[in-house]
Amino acid sequence: MKLYEKYPIHLSNSLSGEKEKFESITPGFVGMYVCGPTVYNYVHLGNARTFLTFDTISRYFRFLEYKVRYVRNITDVGHLEGDVDEGEDKIGKKARLEQLEPMEIVKRYTEDFHSVMRQFNILPPSIEPSATGHIVEQINITKKLIDLGLAYEVNGSVYFDVKKYNQSHHYGILSGRNIEDLMESGRDLDSQDEKREKIDFALWKKASPQHIMRWPSPWGEGFPGWHIECTVMSTKYLGETFDLHGGGMDLKFPHHECEIAQATGANGKTPVKYWIHSNMLTVNGQKMSKSLGNSFLPSELFSGSHALLQKGYSPMTVRFFMLQSHYSSTLDFSNDALNAAEKGFKKISNSLSFIKKMTQPISSLKSQLSSNGLDLTNNMERMIKSCYETMSDDFNTAKLIATLFEMSSTINRIKDGVLFTDQIDTATFNDFKSTYIGMMEEVLGLKEETGGNNDLLDGTINVLINLRKKVRTDKNFALSDKIRDDLKAIGIQLKDGKDGEMSYEIES
RNA sequence: GGUCUCGUGGCCGAGUGGCUAGGCUGAGCUCUGCAAAAGCUCCUACAGCGGUUCGAAUCCGCUCGAGACCUCCA
């Protein structure tokens with residue numbers, strides 16, 4: 001029996017608006033697609049939260065023994081600024097402003113993106129396709145939509161005919177809108193004479209003479225519209241219908257709505273079984289966004305150089321902080337919350353290093369335990385189960401962390417000699433250990449931060465520790481305190497254990 | 001204006017129709033030569049007003065407040 005059968009996942013499907021049991025299209029396999037960044041600028045923290053969410057989700061699928069194909073694209077063309085005829089794509093605009101080749105822009109910000117992902121310990125997706133690598137496919141699907149009568153060409157640009165599509169399908173199915181309201185409430189923009197209706201959206205745009213990024217097409221030189229690349233890349237690598245599509249809440253409309261319309265129109269079937277939208281990161285209650293100018297760069301957060309921050313926080317602290325809330329809730333960003341997260345993370349992280357070293361010298365069987373031992377064993381089994389059940393319930397990382405704190409407390413009591421390993425059933429002990437480590441490192445992606453630790457430093461500190469042990473046995477406390485205080489002054493905290501053993505911790 | 005979400009203790013944040021999440025902070029205690037760490041104990045909340053119910057913070061309605069989307073955004 002696979003773990004995913006033992007702990008079936010239930011998730012909130014934004015398409016139905018309900019929590020549903022997850023059943024993959026092909027048993028044992030999961031195909032997921034997440035809208036990646038448009039690489040025209042540095043990724044900010046809000047972006048990172050989305051990728052962190054889906055990183056954790058894909059990690060958990062794998063942890064439950066699913067085989068996962070995770071596709072996350074790089075949008076390196078075609079993102080229009082304003083839905084107007086003069087619409088210019090973001091990469092091209094930035095290139096013009098910075099006087100660089102578009103590919104220089106793409107390269108620079110893609111590398112920044114990857115470096116941020118690495119710092120947060122966000123695993124690379126299985127496939128990371130780029131929009132410019134799929135121009136041919138985008139042209140093909142556009143042709144197909146024209147042939148099917150769902151798109152029309154005007155002056156070298158091609159638009160999706162939403163009204164036509166809506167005759168046989170529901171445009172607005174994902175975001176809960178109807179086309180009449182959209183046609184009424186949408187803002188009147190100038191120069192959209194080309195479009196039959198203002199809700200129509202571009203599949204292909206004609207390039208003006210000064211536009212840098214351009215490709216030949218049946219409709220002349222131009223570039224693809226924003227929504228089409230995701231449809232093309234998800235279909236190409238995951239099929240016409242796949243399990244899960246994710247992205248930030250702000251992409252729900254119009255981006256994902258348009259994806260559904262294009263794919264359904266072209267292939268005649270619903271492209272995605274489950275949609276997941278992660279919520280926004282807020283600063284003082286307001287959405288963090290580039291346009292509002294309240295966004296943080298990850299590097300500013302790590303170094304503490306942002307004006308709103310008192311100090312810097314490590315990538316793992318930030319990762320932990322974000323995982324403490326549910327992905328579907330907004331999460332507010334503040335110094336107090338970050339400080340609390342830093343301490344909390346340190347706590348469960350310490351327990352992680354303890355339990356890694358922890359062994360059970362004498363094995364025990366459940367049937368031979370005292371009643372206290374049995375209670376302890378049962379309690380540990382409850383916590384193990386809770387970890388899985390909690391994550392299988394819509395990826396509730398916040399609740400998982402609560403359980404990990406509980407487990408951490410058990411670990412510390414064993415360490416302090418309040419509880420004893422010989423009172424624990426051996427199978428349970430091993431399961432407890434591997435669950436704690438697995439949930440921390442593999443599922444939540446939290447790794448211990450060693451603070452630039454290395455063998456040389458470790459050896460050096462151990463020399464001092466041994467010296468101090470000697471001095472302490474001689475009751476030369478003045479000197480022993482000096483060793484500890486001096487190390488503390490340079491950021492190394494010594495801790496005296498009960499048994500005379502000493503450990504140290506490097507403070508960030 | 002339309003659509004929708006949310007309002008939980010000093011702070012951050014889960015969650016459920018009845019069985020006090022968790023973390024941080026604060027107070028006290030224990031262990032330590034002293035620290036640090038850890039353990040134990042205490043601080044019992046769910047915007048307001050109605051309704052449904054044996055019972056609601058959890059369901060329904062209204063009021064107030066905050067936010068998101070409708071236009072580029074993860």
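Labels below follow one simple rule: chain letters A, B, ... track the order of the sequence lines, proteins then strands, and each chain is numbered from 1.
Base pairing of C62(B) is made with G48(B), judged by Watson-Crick or G-U wobble geometry with both donor-acceptor distances under 3.5 Å. For C34(B), there is no paired base (Watson-Crick or G-U wobble, both distances below 3.5 Å). A68(B) and U3(B) make up a base pair, with Watson-Crick or G-U wobble contacts both under 3.5 Å. In this structure, C40(B) and G28(B) make a Watson-Crick or G-U wobble pair, each of the two defining distances being under 3.5 angstrom. Pair check for G55(B) finds none; no Watson-Crick or G-U wobble contact set falls under 3.5 Å. In this structure A21(B) sits in no base pair that meets the Watson-Crick or G-U test at under 3.5 Å.
Between Pro37(A) and Asp481(A), the one whose closest nucleotide on RNA chain B sits nearer the 5' end is Asp481(A).
The side chain of Arg468(A) lies closest to G33(B), out of G33(B), C70(B), A74(B). The nucleotide whose nearest atom lies closest to any side-chain atom of Asp496(A) is, among G33(B), G15(B), G22(B), G33(B). The side chain of Asp336(A) lies closest to C11(B) when the candidates are G13(B), G23(B), C11(B). Here the side chain of Arg472(A) is nearest to one of C12(B), C34(B), C69(B), namely C34(B).
Contacts of His44(A) with the nucleic acid, taken as non-hydrogen atoms under 4.0 Å apart, include base atoms. Leu281(A) comes within 4.0 angstrom of a nucleotide base, judged by non-hydrogen atoms across all strands. Looking at heavy-atom distances under 4.0 Å, Ser325(A) makes contact with sugar-phosphate atoms alone, never a base. Among the protein residues, Ser480(A) comes within range of the nucleic acid bases, having at least one heavy atom under 4.0 Å from a base atom. When heavy atoms are screened at a 4.0 angstrom cut-off, Gly46(A) is found touching base atoms of the nucleic acid.
No hydrogens or angles considered: a donor-acceptor pair under 3.5 Å links the side chains of Glu128(A) and His114(A). A side-chain N or O of Asp332(A) and one of Thr282(A) form a donor-acceptor pair less than 3.5 Å apart. In summary, the side chains of Thr390(A) and Asn396(A) do not present any donor paired with an acceptor at a separation below 3.5 Å, with no hydrogens or angles considered. No donor-acceptor contact under 3.5 angstrom links the side chains of Tyr33(A) and Asp243(A), judged on distance only.
With P as the reference atom, C11(B) and G50(B) are 26 Å apart, rounded to whole Å. Comparing the C1' positions of C6(B) and G13(B) gives an interatomic distance of 14 Å, to the nearest angstrom. Distance noted for atom P between A57(B) and C64(B): 22 Å (whole Å). Distance check on atom P: U30(B) versus A36(B) gives 15 Å, rounded to whole Å.
A straight line from CD1 of Ile483(A) to C1' of A35(B) spans 14 Å, rounded to a whole angstrom. When the C1' atom of G13(B) is taken as reference, atom CE of Met322(A) falls 15 Å away, rounded to whole Å. At whole-Å resolution of the value, OH in Tyr33(A) and P in A74(B) are 13 Å apart. Between Tyr327(A) atom OH and G15(B) atom C1' the separation is 15 Å, expressed in whole Å. Met249(A) has its CE atom 11 Å from the C1' atom of A74(B), to the nearest Å. What separates OH of Tyr313(A) from C1' of C12(B) is a distance of 13 Å, to the nearest Å. Look at NZ on Lys488(A): it is 9 Å from P on A36(B), rounded to the nearest Å. Here the P atom of nucleotide A38(B) and the CD atom of Gln493(A) are 11 Å apart, to the nearest Å.
Less than 4.0 Å separates RNA chain B from at least one heavy atom of each of the following residues of residues 396-417 of chain A: Asn396(A), Ala398(A), Lys399(A), Ala402(A), Phe405(A), Ser409(A), Asn412(A), Arg413(A), Asp416(A).
Salt bridge present: Lys19(A) and Asp393(A) bring a charged side-chain N and a carboxylate O closer than 4.0 Å.
Put simply, Lys343(A) has no side-chain N or O that comes within less than 4.0 Å of OP1 or OP2 on G23(B). For the OP1/OP2 pair of U3(B) and a distance below 4.0 Å, the side-chain nitrogens and oxygens of Ser175(A) include no atom meeting the criterion. Look at Lys287(A) and you won't find any side-chain N or O under 4.0 angstrom from OP1 or OP2 of A74(B).
The environment of Lys495(A) atom NZ is dense: over 12 non-hydrogen atoms of other residues, nucleotides or ligands sit within 6.0 angstrom.
Evaluation of atom-type donor-acceptor distances gives no pair under 3.5 Å for the side chain of Asp332(A) against the base of C12(B). Judged by distance alone, with hydrogens and angles left aside, Arg484(A) brings a side-chain donor or acceptor within reach of the base of A35(B), the pair sitting under 3.5 Å.
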Point to revise | Evaluation steps, side-chain hydrogen bond (donor to acceptor under 3.5 Å, both in side chains), between Tyr159(A) and Lys205(A) | key: CA-CA 8 Å; Tyr159(A) 299 96; Lys205(A) 290 292 284 183; 3.1 Å; yes
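For Arg177(A) and Phe253(A), the positive end sits near the middle of the six-membered ring, less than 6.0 Å away and at most 45° from its axis. For the pair Arg472(A) and Phe477(A), the cation-pi test (distance below 6.0 Å, angle within 45°) is failed.
Taking the six-membered ring where the residue is Trp, the centroids of Tyr42(A) and Tyr109(A) are separated by under 6.0 Å.
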